[in-house]
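Just so you know, these numbers use all the heavy atoms, side chains as well, and skip hydrogens, waters and symmetry mates.
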Amino acid sequence: MSKAQQKTFKVDQQQLQAAKKIFSVQDTFNVELDKDQVLKDEDFKIQAFNNDFTYLQAHKAKFAATIKDKATLLDREVKAVALVKAATTGDPDLKAYCIRAIPHRT
């Protein structure tokens, strides 16, 4: 391969990687947030999402900026659920009450 072909190939690989991350992030939003923007799965692990979003911030900053609010919402939802779980371990009634009581979840 010529240098120009190698450069084009590298750029194409980077674009493909970015497209995969975009699809992954969008899929996470569609699967994990319901129509009211509330986390559906209490056991959702956010690390892979955060890795993809960080990649997009570095390589597709304009796109990342358009979804930043939704990414922040997802992150806060996961943290809120984790706090409720930690505070209410062993008491399902208290846990259900706390989840309903979080202001942005009502």
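Residues I67 and F29 meet the side-chain proximity criterion, which asks for heavy atoms closer than 4.5 Å. No side-chain heavy atom of Q37 sits less than 4.5 Å from a side-chain heavy atom of L74. I46 is listed as a side-chain neighbour of F44, based on a closest heavy-atom distance under 4.5 Å.
Considering only residues two or more places apart in sequence or on other chains, N50 meets the side-chain hydrogen bond (donor to acceptor under 3.5 Å, both in side chains) condition with none of them. Every salt bridge (charged side-chain N to carboxylate O under 4.0 Å, His left out) that K79 has, sequence neighbours left out, goes to D75.
Atom NZ of K68 and atom CG of L73 lie 12.5 Å apart (nearest 0.5 Å). To the nearest 0.5 Å, atom CD of residue E77 and atom CD of residue E42 are 11.0 Å apart. Here the CG atom belonging to D27 is positioned 13.5 Å from the CD1 atom belonging to I22, to the nearest 0.5 angstrom. A distance of 9.0 Å separates OG1 in T28 from CG in L33, rounded to the nearest 0.5 Å.
The main-chain N or O of K20 is never found under 3.5 Å from a side-chain atom of S24 such that the two would form a donor-acceptor pair. Side-chain N or O atoms of E32 include none that pairs as donor or acceptor with a backbone N or O of L39 at under 3.5 Å.
Residue pairs satisfying the salt bridge (Lys or Arg N to Asp or Glu O under 4.0 Å) criterion with at least one member in residues 56-67, sequence neighbours excluded, are absent.
Nearest heavy atoms, D34 versus K40: CA-CE, 3.5 Å. Contact detail for Y55 and K21: the closest heavy-atom pair is CD2-CG, 3.5 Å.
Side-chain contact of Q26 with N30: a donor-acceptor pair under 3.5 Å is absent, judged by distance alone.
Aromatic rings from F63 and F53 are positioned such that their centres are separated by 6.0 Å or more.
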Quick one, K45 with V78, criterion side-chain contact (heavy atoms from CB on, under 4.5 Å). Give me CA distance, side-chain angles, the key distance, then yes/no.
CA-CA 8 Å; K45 305 293 185 226; V78 170; over 6 Å; no
